[in-house]
Amino acid sequence: SQMLIGKRRTSTEDEDDGKSTTSKKSRRSEDGNEADERRDGSEAEEDEDCAFDGIEEVEEEQREDEKGEEKDGGKGDEGMPSTSTDQPRGFEYLEHPADILLHAWGTSDGDAMGALIESLYGVLTELESIEEVYSYEMEAEGESEDVLIFNTLQEALYAFQAEPYFVGRRVEVLEVERHARDGTMKGIQIRAWGESYEMERHGQKNDVKAPTYSNMQIKREKGRVDLYVVVDV
């Protein structure tokens with residue numbers, strides 16, 4: 001293989017039947033019948049109204065419950081959207097007012113960084129359209145982990161925007177360099193498998209201008225690393 005660097009209500013109305021009455025008794029009888037009919041009709045309407053009101057109340061409660069679930073599930077401990085996935089490695093795209101929020105995770109720093117680069121390629125085009133024609137190597141450094149993540153995404157984006165217009169489907173982190181003082185990441189070497197981008201064949205989903213430091217977060221727990229990065233589109 002080749003390797004390169006770099007979404008009724010009803011009502012009733014009483015109608016006149018056109019018949020005249022000949023005695024008070026008959027009128028009272030008819031009046032009484034009409035009163036009974038009106039009363040029965042009114043009770044039926046009330047029952048119907050109650051039924052619809054009951055339905056509306058249930059629907060309203062369901063809407064409130066759904067809003068509550070969205071609100072409760074929308075933010076994590078760090079004020080970032082949370083995920084319910086139990087996959088050891090992967091990524092997803094989360095809602096953002098203007099741009100796109102990448103969320104990638106893995107069992108280690110390297111796994112999470114690899115998934116993060118894959119998520120960037122998935123923003124640019126459909127990953128399913130990419131074939132693993134050749135491999136492309138990249139490396140980046142940073143005085144802090146935030147800077148390293150920014151520079152790594154910038155490097156992957158540059159390879160897409162300039163020769164050889166590389167877009168990757170699978171990413172592997174070959175090495176992670178760490179600061180001796182605290183063990184945080186300071187450098188990374190990556191190998192990605194993919195091909196040169198062609199608009200007619202791959203299509204374009206988003207025009208990513210650059211990664212950003214806005215709300216960038218690294219969250220580590222036992223056996224899991226989560227990365228959150230906003231990209232400017």
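When a residue number appears, it is its place in the shown sequence, counting from 1.
The minimum heavy-atom distance between His103 and Asp226, with the atom names listed, is NE2-OD2, 2.7 Å. Contact record, Tyr228 with Leu94: CE2-CD1, 4.1 Å, taken as the closest heavy-atom pair. A pairwise comparison of heavy atoms in Ala104 and Ala112 identifies CB-O, 3.7 Å as the closest pair. The two residues Tyr121 and Ala156 make their nearest non-hydrogen contact at OH-CB, 3.9 Å. Considering every non-hydrogen atom in both Val171 and Ala192, the closest pair reads CG2-CB, 4.0 Å. Val176 and Met185 get closest at one heavy-atom pair: CG1-CG, 3.5 Å.
Partner of Ser196 under the side chain to side chain contact (heavy atoms under 4.5 Å, CB included) criterion, out of Tyr136, Phe166, Tyr134: Tyr134 alone. Among the candidates Ile130, Val133, Thr125, the single residue satisfying the side chain to side chain contact (heavy atoms under 4.5 Å, CB included) test with Arg169 is Ile130.
In this structure a side-chain-to-backbone donor-acceptor pair under 3.5 Å is missing from Asn151 to Gly142. Put simply, the side chain of Thr107 never gets that close to the backbone of Gly223: no donor and acceptor are under 3.5 Å apart. A donor-acceptor pair is defined here as one N or O able to donate and one able to accept, closer than 3.5 Å; no such pair exists between the side chain of Trp105 and the backbone of Ala115. Judged by distance alone, with hydrogens and angles left aside, the side-chain atoms of Glu195 form a donor-acceptor pair with the main-chain N or O of Glu131 at under 3.5 Å. Put simply, the side chain of Asn206 never gets that close to the backbone of Val208: no donor and acceptor are under 3.5 Å apart. Formation of a donor-acceptor pair under 3.5 Å by the Lys205 side chain with backbone atoms of Gly122 is found in this model. Between the Glu177 side chain and the Lys186 main chain, no donor and acceptor come within less than 3.5 Å of each other.
Between atom CD of residue Glu137 and atom CD of residue Glu172 there is a gap of 9.5 Å, rounded to the nearest 0.5 Å. Taking OG1 from Thr212 and CD1 from Ile100, the interatomic distance works out to 11.5 Å, rounded to the nearest 0.5 Å. The CD1 atom of Ile117 sits 9.5 Å away from atom CD of Glu155, with the distance rounded to the nearest 0.5 Å. To the nearest 0.5 angstrom, Asp207 atom CG is 9.5 Å from Asp232 atom CG. Distance check, rounded to the nearest 0.5 Å: CD of Gln189 to CD of Glu139 gives 5.5 Å. Leu148 CG to Glu143 CD: the interatomic distance, rounded to the nearest 0.5 Å, is 11.0 Å.
Residues Asp111 and Val225 have side chains not in contact (no heavy-atom distance under 4.5 Å, counting atoms from C-beta outward). Between Met138 and Thr152 the shortest side-chain heavy-atom distance does not fall below 4.5 Å. Contact of the Val147 side chain with the Phe150 side chain is not registered, since no non-hydrogen atoms from C-beta on lie closer than 4.5 Å. The closest side-chain heavy-atom distance from Gln154 to Pro211 is below 4.5 Å. Inter-residue side-chain proximity for Leu102 and Phe91 is flagged as unmet; no heavy-atom pair is nearer than 4.5 Å.
Among pairs with a residue in residues 172-191, none fulfils ring pair (Phe, Tyr, Trp, His ring centres under 6.0 Å), at least two apart in sequence or across chains. Each salt bridge (Lys or Arg N to Asp or Glu O under 4.0 Å) pair with one or both residues in residues 113-123, not counting sequence neighbours, appears once here: Arg89-Glu118. Applying the side-chain hydrogen bond (donor to acceptor under 3.5 Å, both in side chains) test to residues at least two apart or on different chains, none of the pairs has a partner in residues 157-167.
Applying the salt bridge (Lys or Arg N to Asp or Glu O under 4.0 Å) test to Arg178 and every residue at least two apart in sequence or in another chain returns Asp109. When the ring pair (Phe, Tyr, Trp, His ring centres under 6.0 Å) test is applied to Tyr197, the partners found at least two apart in sequence or on another chain are Phe160, His202. Remark: Arg170 pairs with Glu132 by the salt bridge (Lys or Arg N to Asp or Glu O under 4.0 Å) rule, at least two apart or across chains.
At a cut-off of 3.5 Å, with distance as the only test, no side-chain donor of Ser144 or Asp146 sits close to an acceptor on the other residue.
The cluster map of Ile, Leu, Val, Met, Phe, Trp and Tyr, joined by side-chain heavy atoms under 4.5 Å apart, puts Leu120 and Leu174 in different clusters.
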